[in-house]
Amino acid sequence: MSAISLDTLNPEQRAAVTLPAQNALILAGAGSGKTRVLTTRLAWLIATGQVSPGGVLAVTFTNKAAKEMLTRLAAMLPLKVRGLWIGTFHGLCNRLLRLHHRDAGLPQLFQILDMADQLALLKRMYKAANIDDERFPARALQHFINGSKEQGLRPHAVATQDDYTRRQVEFYQLYETTCQREGVVDFAELLLRSFELLARNEALRGHYRARFRHLLVDEFQDTNLLQYRWLQQLAGPDSAVFAVGDDDQSIYAFRGAEVANMQRFERDFAPVRLIKLEQNYRSQGNILDAANALIANNATRLGKNLWTSEGQGEPLRAFAAPTDVDEARFIVEAVQSLVDQGLSAQEIALLYRSNAQSRVLEHALFNAGMPYRVYGGMRFFERAEVKHALAYLRLLANPEDDNALLRVVNVPPRGIGTRSLEVLQEHARGAGVSLWAAACAGRIAGRAGASLGQFVGLIERLQTETAALPLPEMVEHMLARSGLKAHYQSDKDGQERLENLEELVNAADGFLRETGGVLAVMDAEGGETLLEPLAGFLAHAALEAGDTQAAEGRPALQLMTVHAAKGLEFDTVFITGLEEGLFPHENSLNEAGGPEEERRLMYVALTRARRRLYLSLAQCRMLHGQTRYNVPSRFFSELPPELIEWLSASVHARVARGTPSMVPERRAQPSGGSGLRIGQSVRHAKFGLGVIVNAEGLGDDARVQVNFHEGGVKWLALEYAKLQSAG
DNA sequence: GTATGGAGCATGTTA
DNA sequence: TGCTCCATAC
């Protein structure tokens, strides 16, 4: 094996990479070379012969991160990556469950439900069981079920103090029965099922524990309880766990991530070697100073301070615009001038807290003729037409898949409507069989029965016709013969959908070439391999929903939420919409730990920038079709003023007093002679300083909505609340 | 069985 | 403002 060069690593990085086989927690600050350390560690372990490629397990959260790790590893070492246990939590669980499906109580070709599939199944279940959708919204139940699973809780283990929860648990149980009967598995189930498999089956657990001498975990701060316990199952007394994370970048608590896992790890896996990577190779001094100052406002931290050997660089620049449109205009002009100076648009990112904010920016960019790319939104395998096509493929693999059948039984329209399906479902329920079986039985009378019979015939015909075809041809054939293609051809807006269906054939082809159609591989030494192209492709579609937009040719400006920007870096970053209620988001302020998570989010945003950082806000913006007036974000008052160059009137001093500058003067209709205006700063005896953001009513009934700096947004009756003008 | 309109409603997001 | 869902009309 070739030697791995460690010369370019700093002492801490090298220490981490060359750690002996022991448990370790690497606190890796933003831009400290985290991915590099992780992959070099992996390569070093293998190259020095301390472990065989098959003896390593490395786990990440996203496919992107997993791919990145594999690519870098392959560049350092000559090895076949296919059989390596490197992947996402869900990808590895999928493999584990395919290999040991019998022990796990699943069919080998089980289908994976994405979030939309899961919700559809719940709604179907509601209908079948006559459950009141009003009192128990399907979305809430979905959240409840996934939350329970992420805590490792099966229905019987969920604590039920109140009737409401008791009912939810019943539905959870019913959902489980349904999934089991249909042989489908949701995302959380992949984790829970393989956790239980290992916990229950001592021989199997022993096998994997003996095998994986080294376990490497990326983004450890984002793990939930179940993922943590899953790792505990796989890590034996002789294995070393190398966990890399940054508590300051934990921004997914809202979906179950527990930073506490880092403390838990130090306790459960003791002794744990702790290494901090604090040298930052990304950002210039002023940017880091700003980020450090901001995050210092959080009380619950493990403690870490980033530094750089680079110079201070440029100051942060800030701009307070009167309106969201002005803010967008300012950004477009600033971007234009940077591009004129020779900076590639590709190197500039526009970040925002919520997706709704992208619209104004897009509008301004479009008018300026500036190419841009928006991340987020519909992904390839989530598009309706692609899901339809996948449903046909699922039926070919397993006609008993009720979800798939319901999705396409009437696409294209075959005269099988709601009523016919109700009858079919009653038959199926009565006989305790799948919809497919009920349809095959042919006991449905009339036209609907005939249509169903034809549908059954179609699927059976497709099965025989495609049985011997390679995957891409199979997809092609299905598209043509199912009527899907013709359906979208006759649709006047179907052009793009048709192209996506064509793209699906390409995706199948690509999948086959990249993986050889392998569903699961036992080990890197070429042990057990399960060849099942169709099932493999379907799993791939669920586990990798694909990109949201195909990459475009010319360099484009990048637009995304701050969440989506995590892990990325740009020369220049604009953080937009820095207003109280927006960033930090108002909904987060009442949540436990919410404000601190918002601050970490801001920290992530700041540390994305290498050289230039712009902060902007609008004092009034359209949100949900209404004009809102906001005070500047508290984050401005948490950044050292000397680091910021204001391109508009500074907001700093005013933030301290809780008032914005430059709010357009608009009379509040109802206040009459009171002298109060929307946008005006006021003082309230109890709530302190705030800004009037809305008003309604006349005379004695007049009420105003005030956004208080400390107390949030409140409606106050003018008659009782003694508001003093403070601006 | 399908098309249309109005009401209701809004964080963040990966697998 | 723009979407998703349900009710009603064809």
Side-chain angles (χ1 to χ4, degrees), chain A residues 59-66 87-94 112-119 123 133-134 137-139 143 146 149-150 185-192 194 218-219 222-224 226-227 250-257 324 351-360 363 375-379 381-382 384 409-422 447-448 451 539-546 548 560-567 577 581-591 594 597-598 600-602 604-605 621-628:
Chain A
V59 64
T60 65
F61 277 85
T62 64
N63 288 304
K64 203 173 148 205
T88 63
F89 277 101
H90 295 86
L92 296 180
C93 287
N94 175 49
I112 300 169
L113 303 179
D114 66 16
M115 293 281 273
D117 296 331
Q118 186 187 32
L119 190 64
K123 287 187 174 167
D133 186 83
E134 298 278 294
R139 268 185 196 288
H143 189 79
N146 293 337
K149 288 189 180 183
E150 278 161 16
V185 165
D186 60 50
F187 286 138
E189 184 73 22
L190 285 171
L191 253 310
L192 183 52
S194 41
D218 192 14
E219 305 276 16
D222 287 337
T223 51
N224 61 37
L226 181 55
Q227 286 157 341
S250 156
I251 55 174
Y252 287 111
F254 74 92
R255 65 174 197 216
D324 49 355
L351 307 184
Y352 34 81
R353 173 69 239 263
S354 64
N355 279 310
Q357 290 166 251
S358 77
R359 206 184 309 280
V360 193
H363 187 77
Y375 290 77
M378 197 51 94
R379 322 209 1 227
F381 286 110
E382 290 168 358
V409 70
N410 204 31
V411 182
R414 297 188 174 91
I416 305 170
T418 336
R419 185 72 204 118
S420 324
L421 287 176
E422 270 171 28
R447 260 216 339 260
S451 306
H540 166 85
L543 290 173
E544 291 191 45
T548 51
M560 65 193 86
T561 62
V562 181
H563 281 95
K566 189 174 163 204
L582 206 64
F583 197 4
H585 197 278
E586 53 196 347
N587 293 0
S588 72
L589 299 180
N590 300 321
E591 290 168 11
E597 178 144 319
E598 293 290 307
R600 289 193 295 270
L601 198 50
M602 180 65 181
V604 168
R621 74 167 62 236
M622 283 292 268
L623 211 63
H624 311 320
Q626 280 186 329
T627 309
R628 278 190 30 158

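So you know, we letter chains A, B, ... as the sequences are listed, proteins then strands, and number each from 1.
Side chains of A/E591 and A/S588: a donor-acceptor N/O pair is absent below 3.5 angstrom, by distance only. Using a 3.5 Å distance cut-off with no hydrogens or angles, the side chains of A/Q118 and A/N146 do pair a donor with an acceptor.
Note on A/T60: nothing from the nucleic acid sits closer than 4.0 angstrom, heavy atoms only. Counting non-hydrogen atoms under 4.0 angstrom, A/I416 reaches the backbone sugars and phosphates but no base. Here A/N94 lies out of heavy-atom contact (under 4.0 Å) with every strand.
With hydrogens and angles disregarded, no donor-acceptor distance shorter than 3.5 Å links the side chain of A/R414 to the backbone of A/S451.
Separation of the C1' atoms belonging to C/dC6 and B/dT11 is 26 Å when rounded to the nearest angstrom. The gap from the C1' atom of B/dG12 to that of C/dC5 amounts to 24 Å, rounded to the nearest Å.
Electrostatic pairing of A/K566 and A/D222 counts as a salt bridge here, judged by a charged N lying under 4.0 Å from a carboxylate O. Taking 4.0 Å as the cut-off between side-chain N and carboxylate O, A/R628 and A/E586 count as a salt-bridged pair.
Listed by chain and residue number, A/F61, A/W230 satisfy the ring-ring contact (aromatic ring centres under 6.0 Å, His included) test with A/F89 (two or more places apart in sequence, or in another chain).
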A correct 5'-to-3' footprint of nucleotides 9-15 of chain B, with B, S and - meaning base, sugar-phosphate only and no protein heavy atom under 4.0 Å, is -BBBBBB

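Close to B/dT2, at under 4.0 Å from its OP1 or OP2, lies no side-chain N or O of A/T418.
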